[in-house]
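Quick caveat, the model's predicted, so the values are computed rather than measured.
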2 protein chains.
Amino acid sequence: MNKRATLKDIARETGVHVSTVSRALDPKRDTPLSEDVVVRVRDAAERLGYRPNRIASSLRTRKTMTIGVVIPDITNPIFPPIVRGIESVMEPRGYASIIVNTDSQRGRDKRLIEILLDRGVDGIIHTAVLLEDPTIVKVARSGLPVITLNRKIEGTGIPYLINDEEDGIRKVFSLLYNHGHRRIAHLAGPLELSTGQLRLDAFRKAATDMGLDSGALAIAEAEQFDEQGGREATAKILAQDPHTTAILCANDRLALGAIDHCAAVGLACPDDISVTGFNDMPFLDMIPPRLTTVRIQQFEAGAAAAGLLVKMLSGQGGDVPGETILPVQLMERDSVSAPRADGIRS
Amino acid sequence: MNKRATLKDIARETGVHVSTVSRALDPKRDTPLSEDVVVRVRDAAERLGYRPNRIASSLRTRKTMTIGVVIPDITNPIFPPIVRGIESVMEPRGYASIIVNTDSQRGRDKRLIEILLDRGVDGIIHTAVLLEDPTIVKVARSGLPVITLNRKIEGTGIPYLINDEEDGIRKVFSLLYNHGHRRIAHLAGPLELSTGQLRLDAFRKAATDMGLDSGALAIAEAEQFDEQGGREATAKILAQDPHTTAILCANDRLALGAIDHCAAVGLACPDDISVTGFNDMPFLDMIPPRLTTVRIQQFEAGAAAAGLLVKMLSGQGGDVPGETILPVQLMERDSVSAPRADGIRS
DNA sequence: CGTATTAATGCAATCGATTGCATTAACGGT
DNA sequence: ACCGTTAATGCAATCGATTGCATTAATACG
């Protein structure tokens with residue numbers, strides 16, 4: 001109904017000029033003002049229920065106090081905690097976030113970033129997923145503060161924050177190895193996605209480090225990071241090497257699919273075959289057999305990335321490390337055991 | 001680096017006035033313009049990579065093409081699909097969304113809505129949770145388009161969209177009844193939250209409709225909508241009536257907690273006691289015993305609510321029904337069976 | 001051919017807050 | 001008492017797009 005009060009209203013009310021009102025209300029003002037005026041202005045502002053018009057302010061200052069958050073899909077359970085982590089840092093500092101979902105589609109990425117830029121976001125946190133993201137690189141080059149999460153884009157100077165996935169893969173690999181597994185297969189995610197590629201590389205590296213010939217191990221790429229993708233790729237793995245005793249999966253959902261397919265062909269987990277996941281998504285520990293997996297600090301990663309962005313936004317870009325790596329944690333549960341001694345499996 | 005092109009740049013480039021440029025670029029312009037100018041302007045715009053400054057536009061037109069979405073908590077798995085549903089409608093129409101999480105806390109509600117208003121959102125979709133939400137009512141009264149989702153606030157004229165929860169509760173209640181259960185308990189959610197209250201009311205109604213004395217049935221209120229809340233409340237229920245044969249829970253997580261507590265005291269589900277959930281959250285069907293529950297159309301609800309909001313935003317508020325109810329679906333799985341005939345339980 | 005229309009475009013105010021510069025008043029120093 | 005400071009505030013431009021009104025040019029009409 002009755003529109004919001006503006007500086008002009010307060011000016012009229014107090015008899016001073018709008019610029020004076022503006023200064024009186026500015027918490028970190030540099031110009032000296034008489035105590036009297038400040039009090040009167042604050043008073044009037046209070047009385048009229050004044051709230052600054054951020055749009056007008058943004059137009060003038062070129063700051064919207066809004067950031068963009070680019071994620072693949074909020075319905076993927078690993079992202080909500082990340083988002084909350086980001087907001088736990090941004091909101092207290094007066095920033096709002098606009099979240100966009102790319103669904104890992106090339107075209108959308110560009111379109112959505114444009115939406116963010118149109119709205120004048122002050123910075124972007126990008127949980128990059130595609131191996132190539134030319135759009136975000138261009139944006140960062142143009143001077144907008146950008147942080148990538150879960151993904152480094154080489155040679156661009158964009159600060160990135162990642163979980164120590166390489167270490168995570170190494171941990172599960174070692175666990176399987178120490179249980180006696182040697183024919184360890186990798187169920188990779190879509191290699192077009194950075195997560196898929198990264199974890200595959202880490203798998204190969206871990207295998208080599210343990211003295212196995214990574215070329216001899218069965219590897220199959222899932223088309224999607226979901227149960228169906230896991231089922232299909234598992235079939236391929238078992239075809240490649242029927243004597244596989246363990247499948248190291250690129251994420252939890254793939255692992256669930258793997259277990260499902262194995263069960264369908266008569267292989268029980270972990271008795272006949274061991275399976276591991278990655279991410280430790282919510283409720284995972286309630287689904288049998290409780291999956292041995294790697295826990296990633298989603299919330300903390302979001303919060304840390306936001307912390308970096310805040311620094312960049314406040315002009316302390318120099319203080320931002322180019323690389324931040326968060327530790328991961330092995331979660332040993334029930335989906336891993338020693339390979340069958342009898343070697344019954346055909 | 002090189003800042004964005006503005007109307008002024010295009011004007012200089014083409015030799016016409018900025019206002020003419022503005023009109024030439026306006027898809028639904030009313031003023032007649034010569035084809036020649038339009039072409040030249042479009043050309044120049046293209047060439048300069050012109051993108052309108054939405055901030056400036058917003059200041060003048062008082063439309064930000066941004067909406068606010070208020071939810072309790074995005075990490076609660078029922079909300080991501082709702083959010084995606086909303087965006088599936090809003091984004092193609094040029095709207096961005098700012099999502100805020102209230103954590104069901106009174107104070108935050110107000111503060112967050114203020115954040116949205118400060119940013120000049122054109123409308124709000126509010127998945128109200130508290131029984132009383134004076135803030136959002138006031139906002140709606142001030143003329144801003146508001147839709148509430150999952151909750152009606154009586155007598156305010158705010159259009160609301162709800163799932164037919166009453167019908168859902170009735171369906172599970174009937175199912176239990178038809179299996180032979182008579183001592184059916186209700187594990188309610190926090191009654192401060194509308195969902196908790198609503199489902200309790202529906203439970204009582206269903207009981208009465210089936211000819212049971214709802215006053216005689218065990219009812220316990222959980223402090224939180226989570227597993228721990230479910231466990232604690234289940235203890236209370238079993239204390240109230242040790243002969244309870246079925247627990248109808250206000251949501252899935254409470255049900256998981258209930259089953260957990262029952263198992264801890266030696267009651268197997270469904271053999272010793274039947275348990276039902278509500279919501280059918282993601283991955284629920286992978287957690288044993290697969291919970292019989294009520295599926296709510298989260299995505300569709302979000303999309304439908306957004307559809308209503310869009311109508312209001314485009315000035316067709318008159319066409320928006322005050323009430324929209326989406327059907328729910330009973331998902332029969334494994335957590336319900338007939339009560340033990342032997343009545344062994346102490 | 002003069003005037004009334006209409007088409008095409010320019011002008012300038014506006015949205016509300018911010019900020020460099022100008023102005024005024026008060027004060028201190030010598 | 002005079003001048004240089006500094007304190008306190010006003011002035012006006014600015015951010016970029018939009019839009020009612022004015023203006024000019026072109027066309028139609030009688």
Bend angle of the helix from C:dC1-D:dG30 to C:dT30-D:dA1 from five-pair axes at both ends, rounded to 10°? 50°

With heavy atoms of chain B within less than 4.0 Å as the criterion, where does contact along DNA chain D begin and end? D:dG16 to D:dG20

At under 4.0 Å between heavy atoms, what does B:Ser58 touch on the DNA or RNA strands: base, sugar-phosphate, or nothing? nothing

Given B:Ile113, which partner from the list B:His126, B:Lys138, B:Arg108 fulfils the side-chain contact (heavy atoms from CB on, under 4.5 Å) test? B:His126

Are A:Asp122 and A:Thr64 close enough that a side-chain donor and a side-chain acceptor fall under 3.5 Å? yes

On DNA chain C, does the nearest nucleotide to B:Ser34 precede the nearest nucleotide to A:Ala56 from the 5' side, or the other way round? Give the residue. B:Ser34

Scan side-chain atoms only and decide if B:Thr75 and B:Asp73 contain a donor-acceptor pair under the 3.5 Å cut-off. yes

How is B:Ser19 classified with respect to the nucleic acid when contacts are heavy atoms under 4.0 Å: base, sugar-phosphate, or nothing? base

Mind checking if B:Val21 touches a base, just sugar-phosphate, or nothing, with heavy atoms under 4.0 Å? nothing

Between B:His17 and A:Pro52, whichever has its closest DNA chain C nucleotide further toward 5' is B:His17

Please classify the nucleic acid contact of A:Thr61 as base, sugar-phosphate, or nothing, using heavy-atom distances under 4.0 Å. sugar-phosphate

Could you tell me if B:Asn150 and B:Thr127 have a donor-acceptor pair between their side chains, going purely by distance under 3.5 Å? no

Does a donor on one side chain and an acceptor on the other come within less than 3.5 Å for B:Gln297 and B:Asn163? no

Are any non-hydrogen side-chain atoms of B:Pro72 and B:Ser104 less than 4.5 angstrom apart? yes

Result for side-chain contact (heavy atoms from CB on, under 4.5 Å) between A:Arg151 and one of A:Ile136, A:Leu193, A:Leu131, A:Leu130 points to A:Leu131

Report which part of the nucleic acid A:Arg23 touches: base, sugar-phosphate, or nothing (heavy-atom distance under 4.0 Å, all strands). base

Is it the case that A:Thr66 and B:Arg119 place a side-chain donor and acceptor less than 3.5 Å from each other? yes

